[in-house]
Amino acid sequence: MTSKLFFKSTLLFFSLLIVSCGSSKKTIPQLKPNADNVTLTSTSTDVTFKTGAENFESYLPLLKDKRAGIVTNQTGILSKEKHLVDFLIEQNINLQKIYAPEHGFRGTADAGELIVDGKDTKTNLPIISLYGNNKKPKPEQLEGIDILVFDLQDVGARFYTYISSLHYVMEACAENNIPLLVLDRPNPNGTIIDGPILEKEHKSFVGMHEIPVLHGMTIGEYAKMINGEKWLKDSLQCDLKVAPCLNYSHDMKYSLPAKPSPNLPNDQSINLYASLCFFEGTNVSLGRGTEKQFQIYGSPFLPESEFDFSFTPKPNFGAKDPVHNGKLCFGEDLTEIRKVHRLELKWLLKAYENTADKTVFFNDFFTKLAGTKKLREQIEAGMTEKEIRKTWQEGLEQFKEVRKKYLIYE
């Protein structure tokens, strides 16, 4: 009798334990149900967060016995700071070539600096530049490749050029019948969908698609959108597969393990990047040539009487010839402000209002960044931030409806 009672009690204990464990897992953000043939699935029961690059079981079988190329840089790392390239070689994946975006394979080049072809000294793999003579891989550069892997850390802004590189890589894959495998990574600004929608006539490498400045998608979701909306040349679509992050949601706090580019040194700069990048199209410095890139702004043309913060840009890592090199600039220090949850215009408007000669404030690059002439015209007309933001709303609502079709995560 005693043994039977013990057996029933033990059985009840383990039944409750299983129910308890199952309910605790439901609190972990999970993938949305996979209803497409693009997002790879995983049978992992691990409830810890993993990037697409760490979601090994979903994509390694696709690379077996294939000659692979990889588009990556210093952000293509795994949880233990091992680079994906080194890991794939250890797994006996037949890597043939590395393709490097803006800033190069090691991520050390200045913004806009041309990258030349070369060789990785550690692996002896050839490095093909996608930010030199051509931004789209040429057919001869894809020779001997059976599948192309794409692993770059994006920051969720339209003018951050990794999604432009993604576009051209997808187009080249479609034209040359090469499958593309995107290893997904979180968007550190994944909850923000904001800003003016790009207009077709202002398409450039810092804005290729009719989307807002902040799109709120991971790079894997964005690849699905490029394919699904047929944004490639001649409405081509590539053979796309996405290895998703595991246990991720858009609102999950995520601190990047590596600088995505030389002038985005920390979480604060990444959060403020989209708002302050507009200064690239003006006579105002956003901190290149200092240790506070994209966390401060200032100009010799702003009055000391209105701005109590000052700095002097000087050449440094990632800025060989910064704006206002060697000149005292007056502005604001934003390093300690709270995280922003939208595209902020207040600093741009404040700088414009306090510039005496407004004819020298903007340069031609501003319209490329904004993706429209309207923003500059609105600022010059004296519209308030609230009035300007109201003009974005219709376009943002339309974009959000399109975006829903391609989301992988909640």
Side-chain angles (χ1 to χ4, degrees), residues 51-56 59-60 62-78 80-111 113-154 160-173 175-176 178-185 205 219-220 223 238 240-243 256-262 318:
T51 65
E54 295 162 333
N55 186 0
F56 307 125
Y59 71 86
L60 283 178
L62 298 179
L63 302 179
K64 186 178 180 181
D65 301 325
K66 297 287 196 334
R67 296 171 299 175
I70 185 166
V71 183
T72 191
N73 61 7
Q74 78 286 349
T75 65
I77 59 174
L78 307 178
K80 294 182 180 179
E81 298 186 358
K82 178 182 294 244
H83 198 281
L84 178 64
V85 167
D86 300 323
F87 169 76
L88 292 178
I89 290 173
E90 289 176 2
Q91 297 298 308
N92 296 315
I93 301 301
N94 186 9
L95 276 185
Q96 296 287 308
K97 299 173 185 177
I98 298 169
Y99 300 83
E102 184 178 7
H103 307 297
F105 176 49
R106 298 297 178 188
T108 57
D110 285 8
E113 181 180 343
L114 294 182
I115 308 298
V116 297
D117 293 349
K119 181 175 284 190
D120 181 40
T121 55
K122 184 175 182 180
T123 63
N124 285 323
L125 288 172
I127 299 175
I128 309 298
S129 172
L130 298 183
Y131 201 79
N133 295 326
N134 57 290
K135 294 181 173 68
K136 175 178 164 181
K138 297 177 181 179
E140 57 267 29
Q141 294 173 326
L142 293 171
E143 285 181 3
I145 300 298
D146 299 320
I147 186 169
L148 201 57
V149 180
F150 189 101
D151 184 27
L152 292 174
Q153 176 63 62
D154 189 43
Y160 203 64
T161 62
Y162 295 165
I163 58 172
S164 298
S165 293
L166 173 65
H167 173 107
Y168 281 129
V169 166
M170 292 178 69
E171 196 167 272
C173 284
E175 291 171 341
N176 293 277
I178 296 174
L180 178 66
L181 169 63
V182 174
L183 307 184
D184 210 4
R185 290 183 180 269
F205 197 63
I219 203 159
C238 77
L240 173 68
K241 291 289 185 288
V242 177
L256 271 56
K259 292 193 294 186
S261 51

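All values reported here derive from a predicted model rather than from experimental measurement.
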Correct closest heavy-atom pair for Cys173 and Leu148 would be SG-CD2, 3.7 Å
Carboxylate-amine/guanidinium contact Asp154 Arg185, below 4.0 Å: no
Minimum side-chain heavy-atom gap Leu152-Pro101 below 4.5 Å: yes
Any idea which heavy atoms bring Thr123 and Asp120 closest together, and the distance? OG1-OD2, 2.8 Å
Which pair of heavy atoms, one from Met170 and one from Cys238, lies closest together, and at what distance? O-CB, 3.5 Å
Say whether, by atom type as modelled, one donor and one acceptor occur between the side chain of Asp146 and the main chain of Arg67 under 3.5 angstrom. yes
Has the side chain of Gln153 got a donor or acceptor atom that lies under 3.5 Å from a matching backbone atom of Gly76? no
Quick one, Val149 and Tyr59 - any side-chain contact, counting heavy atoms below 4.5 Å? no
With rounding to the nearest 0.5 Å, note down the distance linking CD in Gln96 to CD1 in Ile147. 13.0 Å
One should read off an interatomic distance between Lys138 NZ and Asn133 CG, to the nearest 0.5 angstrom, of 6.0 Å
Between Pro262 and Gly318, the two heavy atoms sitting closest are CB-CA, 3.8 Å
Output, in order, the C-alpha distance, side-chain angles, deciding distance and verdict of side chain to side chain contact (heavy atoms under 4.5 Å, CB included) for Leu125 and Ile70. CA-CA 11 Å; Leu125 288 172; Ile70 185 166; over 6 Å; no
If we count only N and O atoms by modelled type, under 3.5 Å, do the side chains of Tyr160 and Ser261 hold a donor and an acceptor together? yes
Main-chain N/O of Ile219 paired to Tyr162 side chain as donor or acceptor, under 3.5 Å: no
Applying salt bridge (Lys or Arg N to Asp or Glu O under 4.0 Å), which residue pairs with at least one partner in residues 84-101 are found, sequence neighbours left out? Lys82-Glu90, Asp86-Lys122
Any residue meeting salt bridge (Lys or Arg N to Asp or Glu O under 4.0 Å) with Lys241, in chain and number order, not counting sequence neighbours: Asp239
For Leu130 and Pro137 the tightest heavy-atom approach is CD2-CG, 3.8 Å
Before giving the answer on side chain to side chain contact (heavy atoms under 4.5 Å, CB included), spell out for Leu256 and Thr75 the whole-Å C-alpha distance, their side-chain angles and the decisive distance to 0.1 Å. CA-CA 9 Å; Leu256 271 56; Thr75 65; over 6 Å; no
Between Gln141 and Asn134, is there a side-chain heavy-atom distance shorter than 4.5 Å? yes
At their closest point, which heavy atom of Asp184 faces which heavy atom of Gly220, and how far apart are they? OD1-N, 2.8 Å
Do Leu88 and Leu60 have side chains that approach each other closer than 4.5 Å (heavy atoms only, starting at C-beta)? yes
Between NZ of Lys66 and CD1 of Ile145, what distance do you get to the nearest 0.5 Å? 13.0 Å
Checking the side chain of Glu54 only, and the main-chain atoms of Thr51 only, is there a donor and an acceptor separated by less than 3.5 Å? yes
Atom pair CZ (Phe205) and CD1 (Ile163), whose distance is rounded to the nearest 0.5 Å: 10.0 Å
So CD1 of Ile127 and CG of Asn73: to nearest 0.5 Å the spacing works out to 11.0 Å
Within-4.5 Å side-chain heavy-atom neighbours: Leu240 and Phe150: no
Checking the side chain of His167 only, and the main-chain atoms of Lys136 only, is there a donor and an acceptor separated by less than 3.5 Å? no
Return the CG to CD1 distance between Leu142 and Ile178, rounded to the nearest 0.5 Å. 4.5 Å
